[in-house]
**Q** 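First, the structure itself, so that you have it in front of you.
Just so it is clear, the model here is predicted, and its values are computed rather than measured. Chain letters run A, B, ... following the sequence lines, proteins first and then strands; every chain starts at 1.
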Amino acid sequence: MSEEKSLNFIEEIIENDLKSGKYDQIVTRFPPEPNGYLHIGHAKSICLNFGLAEHYNGRTNLRFDDTNPEKEETEYVESIKADIKWLGFDWDQELYTSDYFEQLYQFALTLIKKGLAYVDDSTSEQIAAGKGTPTTPGVASSYRSRSIEENLQLFEQMRAGKFKDGEKVLRAKIDLAAPNMLLRDPLLYRIKHATHHRTGDQWCIYPMYDFAHGQSDSIEHITHSICTLEFVPHRPVYDWLIEKLEIFPSHQYEFARLNMTYTVMSKRKLLQLVSDKIVEGWDDPRMPTISGMRRRGYTPKSIREFSRQIGVAKRENLIDLSLLEFFVREDLNKTATRRMVVFDPVKLVITNFAEDQVEYLEGEDNPEAEQKTYRKIPFTKELYIEREDFMVDPPKKFFRLAPGKMVRLKYGYIIRCDQFKQDENGNITEIACTYFPESKSGSGDTTLKAKGTLHWVSATKNTPVTLKLYDRLFTVEDMNSAEGEYKDHLNPQSLVINNAALAEPAILEDAPGLSYQFLRKGYFIQDKEKEADGKPVFNRTVGLKDSWAKETKK
RNA sequence: UGCCCGAUAGUAUAAUGGUAGUACGACGGUUUUUGGUGCCGUUUGUCUAGGUUCGAAUCCUGGUCGGGCAACCA
């Protein structure tokens with residue numbers, strides 16, 4: 001980290017706290033609720049929390065915020081841990097808010113004994129009504145004036161399971177006229193006779209977010225508790241509880257959550273996409289989840305770089321998907337193994353090449369690599385090229401194959417198109433070419449020149465592959481302000497399957513998990529699933545930039 | 001009509017009272033056995049009205065616009 005970089009507002013706070021001696025070491029935490037899979041928005045938070053601790057020699061706890069047994073599952077715990085590790089971060093301690101249930105209960109007793117909390121028998125409707133509105137103060141329920149002894153007894157009975165769900169709650173006694181609605185006696189505990197993924201049936205009362213998060217931060221001596229903007233109005237509650245409980249003063253800081261074009265980022269909506277089977281699962285490559293992006297071929301580095309570049313601020317934002325794509329291309333360009341795959345094959349015959357001859361050409365695995373490695377590519381009389389790479393009557397700027405024109409076959413020879421065949425509908429069925437042996441790749445011969453270079457595969461020595469071409473899940477840029485239901489804007493083209501593609505044979509020998517660039521096409525990664533007949537499936541991570549496509553649109 | 005947060009190119013993000021910069025995008029050029037990559041260049045910005053000051057994106061006041069807050073969710 002030698003480069004001069006300006007600080008974001010949280011880094012400024014930390015540097016000041018370190019300089020002033022307020023803290024010797026910073027402690028952050030990443031506090032996911034295990035009720036869904038992590039998405040790219042969480043990745044921003046993970047990079048922030050873990051990155052800060054890394055940079056300032058602090059530490060970061062992973063704490064599962066599991067105070068709502070009805071929504072939380074162990075499956076989610078495991079996926080969250082795997083995603084954080086995959087992103088390249090290590091937590092100091094693995095913790096659960098449920099580990100603190102006894103401690104939190106004791107905190108609640110402390111509050112009651114101080115006359116700062118009371119058991120309320122009102123229904124949730126009555127409580128909501130009693131809170132008033134933003135412009136009118138709330139009114140106290142008759143239970144607000146219960147004695148400390150009665151509150152203590154009732155709260156113990158709540159824990160002991162004497163009451164049904166919703167019969168009673170514990171509330172803080174703060175200020176029913178506060179302009180901040182959250183200060184109007186917020187709920188601290190509710191009764192839920194539900195089985196918790198870790199504590200089982202040990203508890204039937206569960207703390208609310210407000211009574212769990214800040215206290216957990218305090219127990220762990222978190223110095224900088226970083227969360228998203230929607231918790232700003234909770235901060236006075238956070239501070240009030242810490243003050244009244246006289247515990248370690250953690251502080252909360254808020255930043256704007258990540259929004260991205262053409263996608264949704266709420267766990268509720270993502271869960272719906274999964275349960276309504278609009279996508280295949282949480283790790284569907286179209287999902288903005290970490291696991292989906294991993295399956296799609298995104299790299300941890302590209303996500304970390306993306307998080308760094310988007311910065312941290314307090315203003316609402318909507319980040320261009322193209323920025324994420326830039327970072328994954330940047331990373332993959334340096335690391336992806338090059339292979340040739342013809343997506344839409346059309347036959348090409350080299351008329352002056354021997355019938356049964358197979359010539360093995362050498363192809364660089366990656367022109368950007370410092371240590372060059374090569375693979376063999378079989379070259380034969382009959383080949384396939386991309387249908388779109390041939391035109392009978394091409395426009396001026398078309399650098400590809402056309403009658404009488406010359407192109408280079410990548411890693412091979414320059415060829416000239418002499419003839420072509422068409423069916424009755426005008427579709428090209430075969431192209432006949434002459435090749436020039438002296439133009440062989442690497443020969444250094446420069447007498448012949450070709451403007452374009454095409455990728456190709458042997459017609460006899462290739463392997464069929466399935467290609468899954470993914471695109472944005474939605475058709476609307478800003479899904480937050482899109483009219484109607486978000487499901488109205490699903491992109492019908494978000495997945496296009498190509499069953500006709502043919503790949504060079506080297507692809508069968510490659511190590512699993514390799515990132516590929518299919519030459520002139522895009523970045524791909526092999527999917528975990530194969531076709532029933534064993535045919536490999538490749539997911540498109542992102543296409544290559546295509547200035548020809550842009551040109552043709554003009 | 002209460003309280004809170006925010007407002008800098010198309011999108012993000014810097015400038016911490018002293019030359020408005022960076023990245024992505026867009027556009028153009030160049031190199032190239034990937035119409036990829038690399039390299040070079042162009043373009044567009046301080047929400048508004050006052051005030052303080054030699055000097056304001058920055059400080060103050062009013063307004064406008066955007067977001068949030070009245071879950072036994074987090």
**Q** Rounded off to whole Å, could you give me the CG-to-C1' distance for the A:Asp320 and B:A23 pair?
**A** 12 Å
**Q** May I ask you to say what A:Phe231 touches in the nucleic acid, namely base, sugar-phosphate or nothing, with a heavy-atom cut-off under 4.0 Å?
**A** base
**Q** Establish whether the base of B:U13 is bridged to the side chain of A:Gln309 by a donor-acceptor pair shorter than 3.5 Å.
**A** no
**Q** Quick one: which of B:C3, B:C72, B:A14 gets closest to the side chain of A:Pro179?
**A** B:C3
**Q** Ion pair present between A:Arg375 and A:Glu504, side-chain N to carboxylate O less than 4.0 angstrom?
**A** yes
**Q** Does B:U8 have its OP1 or OP2 closer than 4.0 Å to a side-chain nitrogen or oxygen of A:Arg315?
**A** yes
**Q** Looking at B:A12, B:A74, B:G36, which one has an atom nearest to any side-chain atom of A:Leu318?
**A** B:A12
**Q** Nearest-Å distance, CH2 (A:Trp240) to P (B:C4)?
**A** 21 Å
**Q** Among A:Asp185, A:Asp175, A:Asp120, which one satisfies salt bridge (Lys or Arg N to Asp or Glu O under 4.0 Å) with A:Arg144?
**A** A:Asp185
**Q** Base, sugar-phosphate or nothing for A:Arg235? Non-hydrogen atoms, less than 4.0 Å.
**A** nothing
**Q** Think A:Lys131 has a side-chain N or O under 4.0 angstrom from the OP1 or OP2 of B:A71?
**A** no
**Q** Can you check the A:Ile414 CD1 to B:U34 C1' distance for me, whole Å?
**A** 15 Å
**Q** Could you check which of B:C5, B:A26, B:G35 has an atom nearest any side-chain atom of A:Lys314?
**A** B:C5
**Q** Does A:Glu368 reach a base, just sugar-phosphate, or nothing at all? Heavy atoms under 4.0 Å.
**A** base
**Q** Contact class for A:Ser124 (heavy atom, under 4.0 Å): base, sugar-phosphate, or nothing?
**A** base
**Q** Do the side chain of A:Arg329 and the base of B:U37 come within less than 3.5 angstrom through a donor-acceptor pair of N or O atoms?
**A** no
**Q** For A:Gly138, which contact category applies under a 4.0 Å heavy-atom criterion: base, sugar-phosphate, or nothing?
**A** nothing
**Q** With respect to the phosphate group of B:U34, does any side-chain polar atom (N or O) of A:Lys545 fall under 4.0 Å of OP1 or OP2?
**A** no
**Q** Specify the separation, in whole Å, of atom CH2 of A:Trp456 and atom P of B:U34.
**A** 15 Å
**Q** Measure CE/A:Met208 against C1'/B:A74 and give the value in whole Å, please.
**A** 9 Å
**Q** B:C73 phosphate, OP1 or OP2: any side-chain N/O from A:Lys267 under 4.0 angstrom?
**A** no
**Q** With the threshold set at 4.0 Å, does a side-chain nitrogen-carboxylate oxygen contact exist between A:Glu72 and A:Arg198?
**A** no
**Q** Let's see if you can work this out: which of B:C24, B:A74, B:C72 has an atom nearest to the side-chain heavy atoms of A:Phe326?
**A** B:C24
**Q** Please list, by residue number, the residues of residues 164-178 of chain A whose heavy atoms come closer than 4.0 Å to an atom of RNA chain B; answer none if no residue qualifies.
**A** A:Gly166, A:Val169
**Q** Under 4.0 Å between any heavy atoms, over every strand shown, what does A:Ser122 touch: base, sugar-phosphate, or nothing? Just pick one.
**A** base
**Q** What nucleic acid atoms does A:Phe398 come within less than 4.0 Å of, heavy atoms only: base, sugar-phosphate, or nothing?
**A** base
